[in-house]
Amino acid sequence: MRKDTNKDLDLLFKEGLEDAAVKAPRGAWKAVSARLDSAATAAAAAPRRSWLLWGAPAFAMAMAALAAVFFVGNTEKTIIQSGEELLTVAPQPSGPVAQVEDSSVAVPSRESRAGFVPKEIQAPEQIAVLPENYAEEIVEAPVSKSEAPVVSEPEAEGEVAPAPEKQETKWVDPFAQMEAEDAMNAKKNSRKAAIKLGGIVGGNDAHFNSARPAFSSGLPSEGIQETSVSVYGIPVSLGLSARYHFAEKLSVSAGVNWSFLSRTFQGKYKTEEGQFTHNLQYVGLPVSLAYDVVDSKTLLFYCYAGGIAEKAISSQYFIYNLSSAPLLSEKVPSLQYGVFGGIGVEFRVSDLLGLYVDPCVKYYFPGNQPKSIRTDRPLMFSVEAGLRFNL
Amino acid sequence: MSFAKIMLLSVIFSNFAMSYLARMQLLGTKKHLDTREETPKKGNGQVTAEVLEACKKGNPRAQKAVYDALSGKMFAVCLRYMGDRETAADILQDGFVTLFTKLESYSGEGSFEGWARKIFVNTALMSLRKHDVLKQSDDVDEARGIIADTPSATAQIGYKELLKMVAALPPGLRTVFNMYVIEGYSHKEIGEALGISEVTSRSQLQRARVTLQKKIKEQY
């Protein structure tokens, strides 16, 4: 008896409400339309507002022209290639696993379900709660746009909304959407943080020997008399940095890098005279901000700018063919500061791995630094390339 | 050719490629917006495949047609779950925005109304979960006090009154009742969706039934 009562009650509410309709509030469509329009406008305006999208190629051309002016292209130093290191990321989407089980109460089986409209309703033999003319209240006529079949409020008296015909459809897992959303969000968040490992090649004309610039050209070595102009090697750097997306298109990056600068010149040190080589090694901490201009599944195009503080960890002079040991080692107490900016592109090999190329322009502020290519030509064009691992 | 020249050429080439891709993306979006002025074919108020295709292209008239066809039923769904008109109106808007933005995911299999109803139910459930109104402890003993006899005056109960009764239920009872009786979920599915146990789902359903039967008896 209790089961029948529950069954009848359930049937009463199910038949009364599953296809019921209530007129939506006035202004609801206007609000929905406004939200859709703003979403569409934002999607269309983002590329238009991104002047960097149009300026970036022009900027790259300008940088290429600038580099062509200064670069002769004599690579006197080998380029240090970046290494490989895989990181495991396995965001597992979580969500309910919907399984159907039979209930003690009369509920349509899984096979007979059709979305939210069951294929058939188990009608009880005796419907004590239903009146003889109950079915007349629920009209089977379909709802059309021209009619006004529903009332505006539940309290108001009005016509009963007709219920359309039940459609035979396949049952669809109601939680699949939630799981899909969770998986999409997990995938989206998987690119929030990344580590990059790359090498930087940059510099100016290795045979630069034009007139000295007006600003500081660096501290000469103590005791070594330079008798010719310097010939600079192309600076190389190797770095490791981490990037974190704190907004949809903005990310901050920080890391550490090592740089190697060298130059050769003719000189005299005490009794020794000949060709000298001056090697400088810097360790720096670059920090930058990046803006993603174009972000697709396989390609990321961005621009970035930042600063760097470097400390010279080694400043050694060698005399050619005399000894492999340094002739003179100096300590550099002060730090070298610089700023940089550029554009970059990352080719996404997979969800975890990407190959990036970052051309940029750097400027090193004058300071009490040993003479190097940075002191003579502080504005430098460089290219960084490497691998980026998404965490 | 020196390494530096090779790098420079690759940079130039990549920038041209990026510009081309970006322009194509921009043109694609612009074309998407331009198609909003096309008028879809008008049917008999039901959602046809042509209307859906026009909606996917962002046609506002097609979207309005879909809204007109579904808003009544979906607002009733929202009222059943949220209990009050104002909150239900918010869910209705959220649901339609979600529906139109995720329309591409509708594969065409199954009823479009059923697919849409799922979106609105999920939207309502997310709102209820967000406000943490669903986890209610339940006294199973109290739920056993079911009134055996059923008043015959239910013959005069219309859908409006039924909707009012359901909307007046506490959020937890209302949600379980809607999901089990109207939508046809099992207790296990309800438990997984709402983060409650099957026992709690059953007891809340019983409690909802008791409450509704009391209201029927009182009013009719």
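None of these values were measured; they are calculated from a predicted model. In what follows, every chain begins at residue 1, and chains take the letters A, B, ... in the order their sequences are listed. Quick note: numbers below take in every heavy atom, side chains included, and nothing from hydrogens, waters or symmetry partners.
Within the model, atoms CG of A/Asn6 and CZ of B/Arg209 stand 4.0 Å from one another, a figure rounded to the nearest 0.5 Å. Rounding to the nearest 0.5 Å places NZ of A/Lys14 at 13.5 Å from CG of B/Leu162. Separation of atoms CZ (B/Phe100) and OG (A/Ser33) is listed at 9.0 Å; rounding is to 0.5 Å. The structure places CD1 of B/Ile182 at 8.0 Å from CG of A/Asp10, a figure rounded to the nearest 0.5 Å. The CG atom of B/Leu212 sits 9.0 Å away from atom CG of A/Leu12, with the distance rounded to the nearest 0.5 Å. Atom OH of B/Tyr159 and atom CD of A/Glu18 lie 14.5 Å apart (nearest 0.5 Å).
Nearest heavy atoms, A/Arg35 versus B/Gln93: NH1-CB, 3.8 Å. Of all heavy-atom pairs spanning A/Pro25 and B/Tyr67, the tightest one is O-OH, 4.3 Å. Considering all non-hydrogen atoms of both residues, A/Ala21 and B/Lys73 come closest at CB-N, 3.7 Å.
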inquiry  = Before you tell me yes or no, could you show the steps for A/Leu9 and B/Ile216 under side chain to side chain contact (heavy atoms under 4.5 Å, CB included), namely the whole-Å CA-CA distance, both residues' side-chain angles and the distance that decides it to 0.1 Å?
reply    = CA-CA 10 Å; A/Leu9 183 75; B/Ile216 291 173; 3.8 Å; yes
ask   = Could you walk me through whether B/Gln213 and A/Thr5 pass the side chain to side chain contact (heavy atoms under 4.5 Å, CB included) check?
value = CA-CA 10 Å; B/Gln213 287 187 333; A/Thr5 305; 2.9 Å; yes
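Using bins of under 30°, 30° to 60° and over 60° for the plane-to-plane angle, the ring pair A/Phe13/B/Phe177 lands in the perpendicular bin.
The contact between B/Asp94 and chain A is made by backbone and side chain atoms together, counting heavy-atom distances below 4.5 Å. For B/Met74, no part lies near chain A; criterion is any non-hydrogen pair under 4.5 Å.
Residues B/Lys64 and A/Trp29 are in side-chain contact: their nearest non-hydrogen atoms beyond the backbone lie under 4.5 Å apart.
The existence of a salt bridge linking A/Asp19 and B/Arg117 is confirmed by a sub-4.0 Å separation between a basic side-chain nitrogen and an acidic carboxylate oxygen.
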